[in-house]
Protein chains: 2
Amino acid sequence: MQIGELASRSGVSTKTIRYYEDIGLLPPPPRSPSGYRDHDTSTLDRLAFVRAAQAVGLSLGEIRGIVALRDEGQTPCGHVLDLLRTRSAELDRRITELRALQGELIRLVARAERLDPADCDPARICHLVGPV
Amino acid sequence: MQIGELASRSGVSTKTIRYYEDIGLLPPPPRSPSGYRDHDTSTLDRLAFVRAAQAVGLSLGEIRGIVALRDEGQTPCGHVLDLLRTRSAELDRRITELRALQGELIRLVARAERLDPADCDPARICHLVGPV
DNA sequence: CTTGACCTTCCAGCGCGCTGGAAGCCTTAC
DNA sequence: GTAAGGCTTCCAGCGCGCTGGAAGGTCAAG
């Protein structure tokens, strides 16, 4: 199938498909005599995997590592599980950070309701932001 | 004071200070006869504000808008409060998304413990990732 | 007079995941 | 034959907040 059909069937743009091939996420497909890419349906599976892996927070670099293992004939599951656990731990930390920030924002907004703009010191730009 | 002293007193690099001046976060300081920037201590206040505003999630573009109001002689508090509320609402949505992703990751890791890598279909790359 | 530490400007690149556009070839329909 | 719509490659840029480096001027100490 040509790249345009692959794009419409997968929902991934032709630009992105070529980009994925460039960075090694997709194997270089065979070409027609005129040089057109001729993808088979396995590329649909591959694209579905890439999108699913992105959706759980893996980077294209990490995904490339996974598909490379598979292409070498290995079973990438152990590596994938490591990545998922690592991402989960990072996400935990990230969520904790964002919740702290959210608490801070809520505190600042609440404080803003008790402050009078007229009291704002021009040198400090705005007293709503900054140390309590 | 020269830019190097400002940098060490503020903890912001000379590169970044010049960059902030370029993008309009800092007013252009007077120059010595040889062209050196000559900042006064108000720049320390300004830099402290920029860092505090960044810390609560405002972008440099938003911060520029705030300091521009102040430089025009207005009190930016109302605008700042709008920004803080907007950022808070966005953060709420973002945290909700990340928590959903975290739930998904935890579910995938738990499922991985029940799956046998030997069952993994090579065409799907890795069965740990993808629809349940 | 030289050394070294400062300062200046300007241009370029990082990471990440694409996206846009130019210039040109191929295929199909009319 | 020609027009439309595929396809090809290659180069460049987005947003964001810096950061690095080159090439050169300035200043104080020895």
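Below, chains carry the letters A, B, ... as their sequence lines are ordered, and counting in each starts from 1. Heavy atoms only: backbone and side chains are in, while hydrogens, waters and symmetry mates are out.
- Checking side-chain atoms of B/T75 against main-chain N and O of B/C77 turns up no donor-acceptor pair under 3.5 Å.
- Computed from coordinates, the B/D38 CG to C/dT8 P distance equals 11 Å when rounded to whole Å.
- B/L25 has its CG atom 13 Å from the C1' atom of D/dC16, to the nearest Å.
- The main-chain N or O of A/L84 is never found under 3.5 Å from a side-chain atom of A/S88 such that the two would form a donor-acceptor pair.
- Distances were taken from every side-chain heavy atom of A/I3 (C-beta onward) to each of D/dT8, D/dG17, D/dG6; the shortest belongs to D/dT8.
- At whole-Å resolution of the value, CZ in A/R31 and C1' in C/dC26 are 14 Å apart.
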Q: Treat primed atoms plus P, OP1 and OP2 as sugar-phosphate and everything else as base, then score nucleotides 18-30 of chain D 5' to 3': B for base contact with protein heavy atoms under 4.0 Å, S for sugar-phosphate contact only, - for none.
A: BSBB---BBS---
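- When all heavy atoms of B/I66 and B/H79 are compared, the closest pair comes out as CG1-CD2, 4.1 Å.
- No side-chain donor-acceptor contact under 3.5 Å links B/R99 and B/Q102.
- Remark: side-chain polar atoms of B/D38 are paired, donor with acceptor, to backbone N or O of B/M1 under 3.5 angstrom.
- Look at A/Q2 and you won't find any side-chain N or O under 4.0 angstrom from OP1 or OP2 of D/dG6.
- Here B/R94 does not pair with B/E90 in a salt bridge; the nearest charged N to carboxylate O distance is not below 4.0 Å.
- Regarding A/D22, its CG atom lies at a distance of 10 Å from the C1' atom of D/dT9, rounded to whole Å.
- Under the 3.5 Å distance criterion, the side-chain polar atoms of A/R70 are left unmatched by any main-chain donor or acceptor of A/P76.
- If you measure from atom CZ of A/R18 to atom C1' of D/dC7, you get 7 Å, rounded to the nearest angstrom.
- A straight line from CE of B/M1 to P of C/dC6 spans 16 Å, rounded to a whole angstrom.
- A 6.0 Å sphere centred on CZ of A/R124 holds no more than 12 heavy atoms belonging to other residues, nucleotides or ligands.
- What separates CG of B/L58 from C1' of D/dC16 is a distance of 15 Å, to the nearest Å.
- Summarising the geometry, the separation between CZ on B/R64 and C1' on D/dC16 is reported as 12 Å, rounded to the nearest angstrom.
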Check: protein-nucleotides 1-3 of chain D nitrogen or oxygen pairs below 3.5 Å:
none

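- A salt bridge is absent between A/E104 and B/R87; no separation between the charged side-chain nitrogens and carboxylate oxygens falls under 4.0 Å.
- Within 4.0 Å (heavy atoms only), B/R37 reaches sugar-phosphate atoms of the nucleic acid but no base atom.
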